[in-house]
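This one's a predicted model, so the numbers in the text were calculated from it and none came from an experiment.
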Amino acid sequence: MSLILYNTLTRRKEAFAPRDPARVTMYVCGPTVYNYAHIGNARPAVVFDVLFRLLLARYPQVIYARNVTDVDDKINTAAKSQGVPIKTITDKYVEIYRADMGALGVLPPTIEPCATDHIAQMIAMIATLMKNGHAYAAEGHVMFDVPSFAGYGQLSGRNRDDMIAGARVEVAPFKKDPADFVLWKPSTPDLPGWDSPWGRGRPGWHIECSAMIEKHLGETIDIHGGGHDLIFPHHENELAQGTCAHGGKTYAQVWMHNGFLTMDREKMSKSLGNIKTVHELLSEAPGEALRWALLSAHYRQPLDWSDDTVAQAKTTLDRAYRALEQVAHIQPVKGAEYAPVRAALEDDLNTPKAMAEIAFIVGALNNAPTDDSRAQIKAELLAAGKLLGVLQQEPAEWFIAAKKSSGVDAAEVERLIAARINARKARDFKEADRLRDAIAALGVVIEDRADGTKWRMAE
Ligand code: AMP
Ligand code: ZN
């Protein structure tokens, strides 16, 4: 079956046809590292991780680059206010970002290029653009000459007037055209800067991605992704400068953008201050539940985040892991696949449909009549979960993680359970019942099994 992806550039779903099926290339704009990532920032990381997994299942080699923006005015401001060099800030938050994404089950991308390691490539690309008549120097800046590229506006579908009115474009006397954007800007001595043919300065944001793409993936890539807010101006500008630097070659074949994660229907963003960081959410719920919640809406739709979204995700995963726990002793058959989950994902990453299919297999596993059918269905469930990046832990690990994040004092529960066992041994059933009620009052369900008393959080 072909892989169908919605292309922002053509505004329709298309069959994905990589230029070289032996080497598929994907680039996703990564974080600017000056603070904890919020759960909205995690949405593109998780969504494109699902696409990465799907591509890996289809093609022999996938090069997935997700950059780190480690030079930026917001980083400069953070460094200044804390009185430290920018590297102190960026090193710290890039580590936190990697750990947070790891906890959400995001595979490390093939490469994670940092902007500051690619200044020479950026300078070379800017020089090419100047030579080709697409950029000009003015007062220590180098600007991209927007009217020199007839295709400008094709990605965002904006006309010139909309762009200028809505773009928050900086007004500057040295711009030839209000839509022109910065490729290079001068740095004062207190700011990070690099020597360049236009004096000491630092790159504009957009050129970073184009230079890193050229270096690591080539002049034309198969897929370029990011959040919806990046379509304009960031990706429009990347497309313009990338195309012009390469003599008109296609810059990216497919452009994909995830919708916003909102809270109370408002975009989650650092500037609005309505954020929940991944870091704090991880202390409230297992990473896998956050991942499931992030994938519960189709990636192009908005996703309104609430405690309920996470609670529902946790309940669904509890059910799936409980089904797996029941068949822990059964060896899954080798090489199984569950086609409906893959088909759902191959239809423009339809994760809600894939998750409904997973719920269906869980039901089938619970009702499987023989060990042979259990071995088959268990294998299908695990294979389907792998594509989505879920259900890969041991059920016991999941239940421990779920207990830890539930806020219940596990030691206290264990103590009450032990006391109840002793009461029953002493045939003090009244006390045993009292202890059972005390345990239930903590929101905990106990199950007396042949291998001992097990507990879990009530749904
Ligand atoms: P930033 O660190 O702000 O550069 O953003 C990193 C990535 O997160 C970009 O791809 C953004 O488009 C994306 N992003 C930021 N806020 C949200 C949000 N509320 N919902 C979904 N994606 C977002
Ligand atoms: Zn970018």
Side-chain angles (χ1 to χ4, degrees), residues 27-45 66-101 112-119 122 140-144 166-172 181-194 196 200-212 225-238 241 257-258 260-263 266-280:
Y27 183 92
V28 172
C29 298
T32 307
V33 281
Y34 65 101
N35 215 330
Y36 286 95
H38 61 68
I39 190 73
N41 297 134
R43 193 175 191 195
R66 187 188 64 206
N67 73 299
V68 174
T69 297
D70 60 352
V71 50
D72 179 275
D73 288 346
K74 284 177 274 192
I75 302 174
N76 296 341
T77 309
K80 233 183 206 167
S81 75
Q82 293 174 39
V84 293
I86 59 167
K87 205 164 164 352
T88 309
I89 301 276
T90 57
D91 280 354
K92 172 176 171 190
Y93 288 106
V94 82
E95 277 312 310
I96 292 173
Y97 183 79
R98 286 191 188 125
D100 285 348
M101 295 311 118
E112 271 188 287
C114 288
T116 53
D117 291 336
H118 297 80
I119 302 290
M122 296 180 213
H141 292 70
V142 182
M143 307 298 296
F144 184 86
R168 293 162 294 159
V169 281
E170 265 176 73
V171 182
F181 59 88
V182 170
L183 297 169
W184 189 263
K185 54 189 166 189
S187 280
T188 46
D190 58 324
L191 287 172
W194 292 263
S196 83
R200 184 177 173 278
R202 59 196 197 280
W205 170 31
H206 319 300
I207 196 71
E208 271 181 32
C209 292
S210 296
M212 292 190 274
H228 200 261
D229 53 335
L230 300 186
I231 299 175
F232 191 86
H234 184 51
H235 287 169
E236 192 72 63
N237 292 352
E238 265 195 53
Q241 72 208 359
H257 296 96
N258 64 269
F260 288 146
L261 186 143
T262 57
M263 225 158 47
E266 232 187 324
K267 183 193 167 191
M268 183 177 283
S269 86
K270 283 171 199 159
S271 54
L272 288 175
N274 60 343
I275 62 166
K276 273 262 187 186
T277 67
V278 176
H279 204 70
E280 63 183 314

Q) Heavy-atom distance under 4.5 Å between the side chains of Met268 and Thr262, does that happen here? A) no
(Q) Restricting to non-hydrogen atoms, name the atom on Pro113 and the atom on Met212 that form the minimum distance, rounded to 0.1 Å. (A) CB-SD, 3.6 Å
Q. Who passes ring pair (Phe, Tyr, Trp, His ring centres under 6.0 Å) against His38, sequence neighbours left out?
A. none
Q.
So, taking the atom named CD in Gln82 and the one named OG1 in Thr88, what distance separates them when rounded to the nearest 0.5 Å?
A. 9.0 Å
Q) Which atoms form the tightest heavy-atom contact between Tyr97 and Ala37, and what is the distance? A) CD1-CB, 3.8 Å
Q. Looking only at heavy atoms, which two atoms of Gly140 and Trp184 are closest? And how far apart?
A. O-CD1, 4.1 Å
Q. Taking only residues two or more places apart in sequence, or in another chain, which ones meet Arg98 in a side chain to side chain donor-acceptor pair (under 3.5 Å)?
A. Glu95, Glu112
Q.
Are more than 12 heavy atoms, taken from residues, nucleotides or ligands other than His234, located less than 6.0 Å from that residue's NE2 atom?
A. yes
**Q.** Passing option when Cys29 is tested against Arg66, Glu238, His206 for side-chain contact (heavy atoms from CB on, under 4.5 Å)
**A.** Glu238
Q. Taking only residues two or more places apart in sequence, or in another chain, which ones meet Arg43 in a side chain to side chain donor-acceptor pair (under 3.5 Å)?
A. none
Q | Ser271: partners by side chain to side chain contact (heavy atoms under 4.5 Å, CB included), with sequence neighbours left out | A | Ser269
Q | Beyond-backbone contact of Pro186 with Arg200, side-chain heavy atoms, under 4.5 angstrom | A | no
**Q.** Contact summary for Gly225 and His235, nearest pair of heavy atoms
**A.** O-CE1, 3.7 Å
(Q) Under the rule for salt bridge (charged side-chain N to carboxylate O under 4.0 Å, His left out), what residues qualify as partners of Lys267, not counting sequence neighbours? (A) Asp229
**Q.** Residues forming a side chain to side chain contact (heavy atoms under 4.5 Å, CB included) with Thr69, sequence neighbours excluded
**A.** Thr32, Asn67, Asp72, Trp205, Glu208
**Q.** Heavy-atom closest pair, residues Ile75 and Tyr34
**A.** CG1-CB, 3.8 Å
Q) Rounded to the nearest 0.5 Å, how far does CG of Asp100 lie from OG1 of Thr277? A) 7.5 Å
(Q) Could you work out, with side chain to side chain contact (heavy atoms under 4.5 Å, CB included) as the rule, every residue matching Ala42, not counting sequence neighbours? (A) Ile39, Met101, Leu104, Val278, Leu294
**Q.** Listed partners of Thr188 passing side chain to side chain donor-acceptor pair (under 3.5 Å), at least two apart
**A.** Asp190
Q) Heavy-atom distance under 4.5 Å between the side chains of Asp70 and Val94, does that happen here? A) no
Q) Of all residues at least two apart in sequence or in a different chain, which pass the salt bridge (charged side-chain N to carboxylate O under 4.0 Å, His left out) check with Lys74? A) none
Q) How far apart are the closest heavy atoms of Pro44 and Asn258, and which atoms are they? A) CB-OD1, 3.1 Å
Q: Look up atom CD1 in Ile275 and atom CE in Met263, then write down how far apart they are to the nearest 0.5 Å.
A: 8.5 Å
Q | Set of residues satisfying side chain to side chain contact (heavy atoms under 4.5 Å, CB included) with respect to Thr77, sequence neighbours excluded | A | none
(Q) Going by the rule side chain to side chain donor-acceptor pair (under 3.5 Å), which residues pair with Asp73 if we only count those two or more places apart in sequence or in a different chain? (A) Asn76, Lys185, Arg202
Q) Has the side chain of Ser187 got a donor or acceptor atom that lies under 3.5 Å from a matching backbone atom of Pro192? A) yes
Q. How are the rings of His228 and Phe260 set relative to one another: parallel (under 30°), tilted (30 to 60°) or perpendicular (over 60°)?
A. perpendicular
Q: For Lys92, check salt bridge (charged side-chain N to carboxylate O under 4.0 Å, His left out) against everything at least two apart and list the hits.
A: none
Q) Between Phe144 and Phe181, what is the ring plane arrangement, given parallel below 30°, perpendicular above 60°, and tilted in between? A) parallel
